[in-house]
Amino acid sequence: MTDGSRANQSWSHNASVLGMVVAALLVSTAGAATRTLEQASGLEVVFWRSATAAAALGLLVLTLYRGHPLRETFGNGGRWLLASALCWAVMLTAFMWALTLTSVANVLIVLAVDPLLTAFAARVALKYRVPLRTWVSAGAVCVGIAVMFAGRFEPRDLGGTAGALLVPLAARI
């Protein structure tokens, strides 16, 4: 058993759930936190968010793969790692771009399509038979998004909305 397989098995269910809760908390507060920055441009914020993410992932890799972190990380699927990094770059940049073109509320509303995109991706890519209750829930999200946008969407918000839509799309590629 290699160091990498031991590391993958060492994550418990509770640690994984905690990680998802922390990630959701960080994502849900990112828009408001970004709006509080007064002197940084969008590209500066993207740079610092990316640098912070790289540092955090670097620490995680060093912690999980103590023996041979580079070989374990890059040797087991470097092209997929590169593809993932490109998707993350699109997500980080699109998120910041969207925040500069529309309100935080609009960006977060658009990000709410994520469950629908996940169900759709599971159906198309994995041939997974998505339960009807999931489609109904995803449809309810779409109706909620339409209600929230109704009457307040302006043409100037279109660029920000398109940028926000790139975030969940890049996450599903």
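The residues of the chain are indexed from 1 along the displayed sequence. Since we're looking at a predicted model, the values are computed, not measured.
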- Query: What residue among Leu101, Thr102, Val107 forms side chain to side chain contact (heavy atoms under 4.5 Å, CB included) with Asp157?
  - Reply: Thr102
- Query: Does Phe95 share a hydrophobic cluster with Val90, counting links as ILVMFWY side-chain heavy atoms below 4.5 Å and allowing steps through other members?
  - Reply: no
- Task: May I ask you to decide if Asp114's main-chain N or O and Thr118's side chain share a donor-acceptor pair within less than 3.5 Å?
- Result: yes
- Message: Looking at every heavy atom in both Gly163 and Ala94, which two are closest together, and how far apart are they?
- Response: O-CB, 3.3 Å
- State, to 0.1 Å, how close Gly160 and Ala98 come at their nearest heavy-atom pair, and which atoms those are. O-CB, 3.2 Å
- How close do Arg123 and Tyr128 get, heavy atom to heavy atom, and via which atoms? CD-O, 3.2 Å
- Using the rule that two of Ile, Leu, Val, Met, Phe, Trp, Tyr join whenever any of their side-chain heavy atoms come within less than 4.5 Å, decide whether Leu165 and Leu92 are in one cluster. no
- Closest heavy-atom pair, Val130 versus Ala122, reported as atoms and distance to 0.1 Å, is CG2-CB, 4.5 Å
- Query: If you look at every heavy atom in Ala112 and Val141, which pair is closest and at what distance?
  - Reply: O-CG1, 3.0 Å
- Task: Flag yes if Leu111 and Leu99 sit in one hydrophobic cluster, no otherwise; membership is Ile, Leu, Val, Met, Phe, Trp, Tyr, and two members link when side-chain heavy atoms are under 4.5 Å apart.
- Result: yes
- Query: With hydrophobic residues grouped by side-chain heavy-atom distances under 4.5 Å, do Phe120 and Leu169 end up in a single group?
  - Reply: no
- So which residues get pulled into Leu132's cluster when ILVMFWY side chains under 4.5 Å apart are joined, directly or through others? Val136
- Query: Is Val110 reachable from Leu117 through a run of hydrophobic residues whose side-chain heavy atoms are each under 4.5 Å from the next?
  - Reply: yes
